[in-house]
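Quick notes on the structure that follows.
Values in this document were obtained by computation on a predicted structure and should not be read as measured data.
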Amino acid sequence: MKDSLFTTKIPFVSTDDELKKIKAKYPKYDPYFLTSACIKERKDKFEKLWKNFRTYADRHFLSQIRISFHQRTWEIYIGNVFLEKGLLIKSQNEGPDFIVNDKIYVECVAPTKGSLNNPDSVPKMFLAKTPEEVSAQDVPVDQIILRITQAIKDKTLNQYKKWKNKDWFKNNSSFIIAINTGDLDYPEDQDMPSVIKAL
């Protein structure tokens, strides 16, 4: 696996205008990927995590990270946490993102906001640019919960149930879905996070 997470050579930037030009040049790339590639501190942070993780990445990882940066870096982060805790992890091209200590299957997922035209999608959060634009806005709790429950359904029905027919599947293994809601943008309810509400 390659030494760098950022296989496309993208120059560092120092202004928002320079970053906008980079995003315009690579319209199909995830904006988080481009921002992280263009800012040295961010790039160094992700490269350090990648160095520890890269032997566990599947064959599609580097091509997918350009378009699903948040989802794939969540996998890198979880892998690094397992390694720092001294757990034995395995990863293969088929099956869960991680097999921990040969008995726990772990799938990482970071739900997206969904299609812009779908009424069940999470709308983009309005960010005021001037004091005059500041206004209250509702957190779309129902849409956030729908995105989380859809991710759980996809992982259990579309993946986990299919794995049960595979030769490598162990019936006595636990299955964990590690969910990251960061891509949904809205702040979490400190009393009850969105994942708990969804469950």
Side-chain angles (χ1 to χ4, degrees), residues 1-11 22-23 25-40 42-115 147-148 150-184:
M1 196 57 71
K2 297 201 176 204
D3 291 341
S4 177
L5 185 62
F6 302 94
T7 53
T8 304
K9 296 203 177 203
I10 298 170
I22 295 291
K23 288 180 179 178
K25 185 176 179 181
Y26 299 97
K28 293 184 179 178
Y29 282 22
D30 187 314
Y32 291 117
F33 174 86
L34 294 171
T35 303
S36 299
C38 290
I39 299 172
K40 186 176 186 324
R42 286 181 68 146
K43 184 175 182 181
D44 290 348
K45 175 184 172 184
F46 284 114
E47 292 287 31
K48 183 178 178 184
L49 292 170
W50 172 246
K51 183 178 178 183
N52 297 332
F53 174 82
R54 66 183 178 198
T55 58
Y56 303 98
D58 62 44
R59 65 179 173 263
H60 305 294
F61 198 94
L62 290 175
S63 61
Q64 289 178 347
I65 200 163
R66 294 180 200 147
I67 55 172
S68 300
F69 189 74
H70 196 79
Q71 291 73 21
R72 292 307 242 170
T73 53
W74 176 233
E75 192 176 329
I76 292 174
Y77 175 77
I78 292 294
N80 272 271
V81 169
F82 289 151
L83 293 170
E84 286 172 13
K85 299 295 180 187
L87 299 171
L88 172 68
I89 63 172
K90 293 179 185 173
S91 184
Q92 50 201 29
N93 288 318
E94 179 187 36
D97 292 324
F98 301 105
I99 301 172
V100 181
N101 291 342
D102 285 323
K103 60 184 178 183
I104 302 169
Y105 298 149
V106 179
E107 263 297 287
C108 302
V109 62
T112 64
K113 294 180 189 70
S115 170
R147 298 306 300 157
I148 295 168
Q150 184 62 50
I152 293 169
K153 180 182 174 185
D154 289 345
K155 292 297 180 184
T156 53
L157 296 180
N158 297 341
Q159 289 183 300
Y160 184 68
K161 285 193 175 179
K162 288 179 183 176
W163 297 341
K164 289 184 174 184
N165 299 320
K166 302 291 183 180
D167 293 337
W168 52 262
F169 184 84
K170 295 178 183 176
N171 284 316
N172 60 346
S173 293
S174 299
F175 178 53
I176 296 171
I177 302 172
I179 302 173
N180 180 321
T181 58
D183 203 29
L184 302 177

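For the atom pair Ile65 CD1 and Leu5 CG, the distance stands at 4.0 Å (nearest 0.5 Å). Atom NZ in Lys90 sits 3.5 Å away from atom CG in Asp102 (nearest 0.5 Å).
For the residue pair Tyr32/Thr73, the side-chain donor-acceptor check at 3.5 Å is not satisfied. Side-chain contact annotation: Thr181 with Arg147, donor-acceptor N/O pair under 3.5 Å absent. At a cut-off of 3.5 Å, with distance as the only test, no side-chain donor of Glu84 or Asn80 sits close to an acceptor on the other residue.
With sequence neighbours excluded, no residue forms a salt bridge (charged side-chain N to carboxylate O under 4.0 Å, His left out) with Lys43. Scored by the salt bridge (charged side-chain N to carboxylate O under 4.0 Å, His left out) test, Glu94 finds Lys166 as partners (sequence neighbours excluded).
Of all the heavy atoms in Pro11 and Cys38, the pair that sits closest is O-SG, 3.6 Å. Counting all heavy atoms, side chain and backbone alike, Lys9 lies closest to Tyr26 at O-OH, 4.0 Å. The shortest heavy-atom contact between Val109 and Lys155 is CB-CE, 3.7 Å. Here the closest non-hydrogen pair linking Pro96 and Tyr105 is CG-CD2, 3.7 Å.
Ring pair Phe46/Phe69: centre-to-centre distance below 6.0 Å.
With hydrogens and angles ignored, the 3.5 Å screen pairs no side-chain donor or acceptor of Trp50 with any backbone N or O of Phe6. Proximity of a side-chain donor or acceptor of Asp183 to a complementary backbone N or O of His70 within less than 3.5 Å is not detected. No side-chain donor-acceptor contact under 3.5 Å links Glu107 to the backbone of Ile177.
Under the 30°/60° scheme for interplanar angles, the aromatic rings of Trp163 and Trp168 are found to be tilted.
Heavy atoms from other residues, nucleotides or ligands lying under 6.0 Å from NZ of Lys23 number more than 12. Within 6.0 Å of OH on Tyr77 lie no more than 12 heavy atoms contributed by other residues, nucleotides or ligands.
A salt bridge links Asp44 to Lys40: at least one charged side-chain nitrogen sits closer than 4.0 Å to a carboxylate oxygen.
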